[in-house]
Amino acid sequence: MRAVAFKEVGGPEVLRAVELAAPVPGPGEVLIRVAYAGVNYGEGQHRLGDFGPPEGETVTGLEASGTGAALGGGVTGLAVGDEVAAYLPDGGGYAEYATAPAPPPRPDDRVRGPVRGRPPRGR
């Protein structure tokens, strides 16, 4: 898979395109086919070394969203193809694929009822 990584701390010039093996989801994880990655202050801090020196090719990206591409064992309430968004405290969002803990099952909208503070539709 393609990813944006860095091996040394520094400015944006240390970022480069690399080819890496796609991660495999472990138990309770989802593999996300990344469509969007957050670009925030934290990614800059990571690249500048505020989280410690990189260990080899380091893929930053603390937030990602896309679709579920594969599910690890024990994941329920989520299917391949479902839209997902994740916080990635260890990075990995600047890649075509990233693994994250699977979100908890979402309640079915038909049984959840109205959102607090808002009247039901049609009233």
| said: Looking at T76 and G74, would you say the former's side chain and the latter's main chain have a donor-acceptor pair under 3.5 Å? | reply: no
| request: Working to the nearest 0.5 Å, report the span between CG of L31 and OG1 of T67. | output: 9.0 Å
| request: Carefully, step by step, assess R47 and V14 under the rule side chain to side chain contact (heavy atoms under 4.5 Å, CB included). | output: CA-CA 8 Å; R47 179 180 37 78; V14 302; 3.7 Å; yes
| said: What's the separation between atom CD1 in I32 and atom CG in D82, rounded to the nearest 0.5 Å? | reply: 11.5 Å
| query | Any idea which heavy atoms bring L71 and V30 closest together, and the distance? | reply | CD2-CG2, 3.7 Å
| Minimum-distance pair of heavy atoms, taken over all atoms of G93 and A37 | O-CB, 3.4 Å
| query | Taking a hydrophobic cluster as the set of Ile, Leu, Val, Met, Phe, Trp and Tyr residues connected by side-chain heavy atoms closer than 4.5 Å, whether directly or through intermediates, do Y87 and V59 fall within one such cluster? | reply | no
| query | What's the spacing between E29 CD and L78 CG if we round to 0.5 Å? | reply | 12.5 Å
| field | Minimal non-hydrogen separation, V84 against P103, with atom names | value | CG1-CG, 4.5 Å
| message | As an exercise, state the distance from CZ of R16 to CD of E57, rounded to the nearest 0.5 Å. | response | 4.0 Å
| Note, V39 side chain near Y94 side chain (heavy atom, < 4.5 Å) | yes
| Flag if over 12 foreign heavy atoms under 6.0 Å of CD, E55 | no
| field | From E63 atom CD to N40 atom CG, the distance as rounded to the nearest 0.5 Å | value | 4.5 Å
| note | Taking every heavy atom of L48 against every heavy atom of G11, the minimum-distance pair comes out as CD2-N, 4.4 Å
| Got a second to check how far F51's CZ is from L62's CG, nearest 0.5 Å? | 6.0 Å
| request: Hey, can you tell me if F6 and H46 have their rings parallel, tilted or perpendicular (30° and 60° cut-offs)? | output: perpendicular
| request: For the pair R2 (side chain) and A95 (backbone), establish whether a donor and an acceptor sit closer than 3.5 Å, ignoring hydrogens and angles. | output: no
| Closest approach of A100 and L88, non-hydrogen atoms and distance? | CB-CD2, 3.6 Å
| task | Give the minimum heavy-atom separation between A69 and V80, together with the two atoms involved. | result | O-CG1, 3.8 Å
